[in-house]
Amino acid sequence: MTNDDLTTLILDKLNWDYEKELNPTRYSSTSVLYAGDVILTILNIGTLNNTAKFLSIGEQTLNRLIEKWFIPLFGKLNGGGETWKFKFTNFVEYKMCSSCHRVLPYSSFDSDIHTSTGKYSACKVCRKEINASAYKKDSTQEAHKRSQEKHYHNIRARNALYKVERAKRSVPWADLEKIKEVYKHCPEGMHVDHIIPLKGELVSGLHVHTNLQYLSPEENIKKGNRFEV
């Protein structure tokens with residue numbers, strides 16, 4: 001997503017024309033300032049002082065313009081490094097990935113209730129790579145091994161319970177050979193997961209081959225017993 005495209009999205013959502021005049025006062029001595037130019041320049045440059053220089057206006061004039069047109073629509077900056085570029089991209093539900101630095105739609109990010117946008121800072125693709133890299137570290141593997149040793153009996157009990165639940169969700173017409181084939185051809189490092197969990201929060205699935213899929217360990221742990229329609 002380019003800044004030109006973002007500008008178009010923002011203007012469309014505001015129902016503004018690119019050449020909508022945004023002069024802070026009727027009697028301003030500055031040249032005409034167009035909405036598209038102001039928004040695009042802020043997206044390209046970021047800081048207000050450099051934006052003002054690029055537009056050949058005073059920083060005070062730009063601040064008055066923002067106070068008149070943008071604050072009523074977007075609210076004031078909340079501090080903590082928040083910028084007008086962030087405000088604009090957030091307005092059309094886009095954000096920049098902290099890892100690959102691409103500006104992507106919210107749908108490209110996993111949810112995180114602890115952030116102002118409700119999304120993780122890194123996009124799904126980058127986050128998957130980051131988690132995979134962290135999972136392969138010796139320190140992570142050692143910690144995982146220690147945890148398994150510490151909770152050995154709990155893990156055995158949980159696995160036994162899982163087998164009982166799987167038996168409950170097995171059906172006479174299940175194709176056992178196809179189920180075996182799914183497990184046999186599971187790629188190295190992947191897990192066999194039930195698409196609809198055997199004991200889900202809202203709905204439970206069956207132990208049949210059509211309800212099986214391959215997931216990475218990170219994806220499987222994240223999914224848990226949830227199922228999204």
Item checked: Aromatic plane relationship, F70 with W16 - under 30° parallel, 30 to 60° tilted, over 60° perpendicular -> parallel
Check: Are side-chain heavy atoms of F88 and L6 found at a separation under 4.5 Å?
Finding: no
Checklist line | Qualifying residue, where the test is side chain to side chain contact (heavy atoms under 4.5 Å, CB included) with T51 and the options are I45, L43, I57 | finding: I45
Notebook entry, point to check: Does some side-chain heavy atom of K119 sit less than 4.5 Å from a side-chain heavy atom of S111?
Noted result: yes
Check: Applying the 4.5 Å side-chain criterion to the ILVMFWY set and letting contacts propagate, would L104 and F91 be lumped into a single cluster?
Finding: no
Note to self: Is a donor from one side chain sitting under 3.5 angstrom from an acceptor on the other, for N50 and T47?
What the structure shows: yes
Item checked: Other residues, nucleotides, ligands: >12 heavy atoms within 6.0 Å of K178 NZ -> no
Next item on the list: Would you indicate whether the side-chain heavy atoms of N78 and K87 approach each other to under 4.5 Å?
Entry: yes
Check: So which of L40, I42, T8 actually passes side chain to side chain contact (heavy atoms under 4.5 Å, CB included) with N3?
Finding: L40
Item checked: Nearest heavy-atom neighbours spanning L22 and A35 -> CD1-CA, 3.3 Å
Next item on the list: Taking all heavy atoms of E67 and all of P72, pick out the closest pair and write down the distance.
Entry: O-CD, 3.4 Å
Notebook entry, point to check: Do the side chains of Y183 and L212 get nearer than 4.5 Å, heavy atoms only?
Noted result: yes
Checklist line | Any V192 side-chain heavy atom under 4.5 Å of Y214 side chain | finding: yes
Next item on the list: Give a yes or no on this: more than 12 heavy atoms of other residues, nucleotides or ligands lie within 6.0 Å of atom CD of E181.
Entry: yes
Notebook entry, point to check: Has the side chain of K20 got a donor or acceptor atom that lies under 3.5 Å from a matching backbone atom of N15?
Noted result: no
Checklist line | Shortest non-hydrogen contact from I179 toward H207 | finding: CD1-O, 3.4 Å
Note to self: Are M1 and L9 packed together at the side-chain level, in the sense that at least one heavy-atom pair is separated by less than 4.5 angstrom?
What the structure shows: yes
Check: Is the closest side-chain heavy-atom distance between V208 and W173 below 4.5 Å?
Finding: yes
Check: Nearest heavy-atom pair of C97 and A122: which atoms, and what distance?
Finding: SG-CA, 3.8 Å
Next item on the list: Verify side chain to side chain contact (heavy atoms under 4.5 Å, CB included) between V103 and M96, making sure each step is shown before the conclusion.
Entry: CA-CA 4 Å; V103 177; M96 179 181 289; 4.1 Å; yes
Check: Same hydrophobic cluster for F109 and V92, using side-chain heavy-atom links shorter than 4.5 Å among ILVMFWY?
Finding: no
Check: Within the side chain of N211, is there an N or O that forms a donor-acceptor pair under 3.5 Å with the backbone of L206?
Finding: yes
Notebook entry, point to check: Below 4.5 Å, heavy atoms only, C-beta onward: do L77 and W84 meet side chain to side chain?
Noted result: yes
